[in-house]
Amino acid sequence: MACEQPLPKEGIEVSDAWVRKMPPGVSNTAAFMIIKNHTGQAVTLTDVSMEKARHVMMHESKVVDGMAKMEHLDRVVIEEDAVFEPGAKHIMIMGLDMSDNAKSYNIRLHFDNQPSLDVTAQVRDANQ
Ligand SMILES: [Cu+2]
């Protein structure tokens with residue numbers, strides 16, 4: 001009797017990547033995504049870049065003594081997965097001109113032990 005199994009997932013899988021749409025004139029925003037690591041060993045995300053943005057970095061939002069703060073992350077070690085979401089880890093984007101009304105932007109993930117990975121992030125309203 002045939003037994004069908006889904007193919008095992010391989011490599012690094014990125015899902016639900018999106019960039020927060022900002023009002024006209026605001027060029028700083030953030031991107032979010034879920035990164036799943038199927039390589040069988042920890043991978044380290046060391047940098048994030050976007051051709052169209054002036055500066056991109058990894059941040060983590062925290063509440064310290066009742067104050068919302070953002071902490072810079074030099075690297076993110078991903079054992080099984082990493083979730084970038086509002087109010088937590090996020091990809092901070094400075095100086096992105098969104099006046100072209102693009103539906104999506106390319107974000108490049110750089111790893112220290114994996115080839116870099118291009119991700120298409122859809123532009124989305126934060127409250128959608
Ligand atoms: Cu930030």
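First listed ligand is number 1; within each ligand, the first listed atom is number 1.
Between Trp18 and Phe32, the ring planes lie tilted relative to each other; the angle falls in the 30° to 60° range.
Rounded to the nearest 10 degrees, the angle SD (Met70) to the Cu ion (ligand 1) to SD (Met92) equals 120°.
Residue contact annotation: Ser61 places no N/O/S atom under 2.8 Å from the Cu ion (ligand 1). For the Cu ion (ligand 1), the set of nearby N, O or S atoms under 2.8 Å includes none belonging to Met57.
Defined by atom type and a distance below 3.5 Å, a donor-acceptor pair is present between the side-chain atoms of His38 and Glu13.
One finds a salt bridge joining Lys52 and Asp100 here, because a Lys/Arg side-chain nitrogen approaches an Asp/Glu carboxylate oxygen to under 4.0 Å. Between Arg54 and Asp97 no salt bridge is recorded (no basic side-chain N to carboxylate O distance below 4.0 Å).
Take the N/O/S atoms of His59: the one nearest the Cu ion (ligand 1) is ND1.
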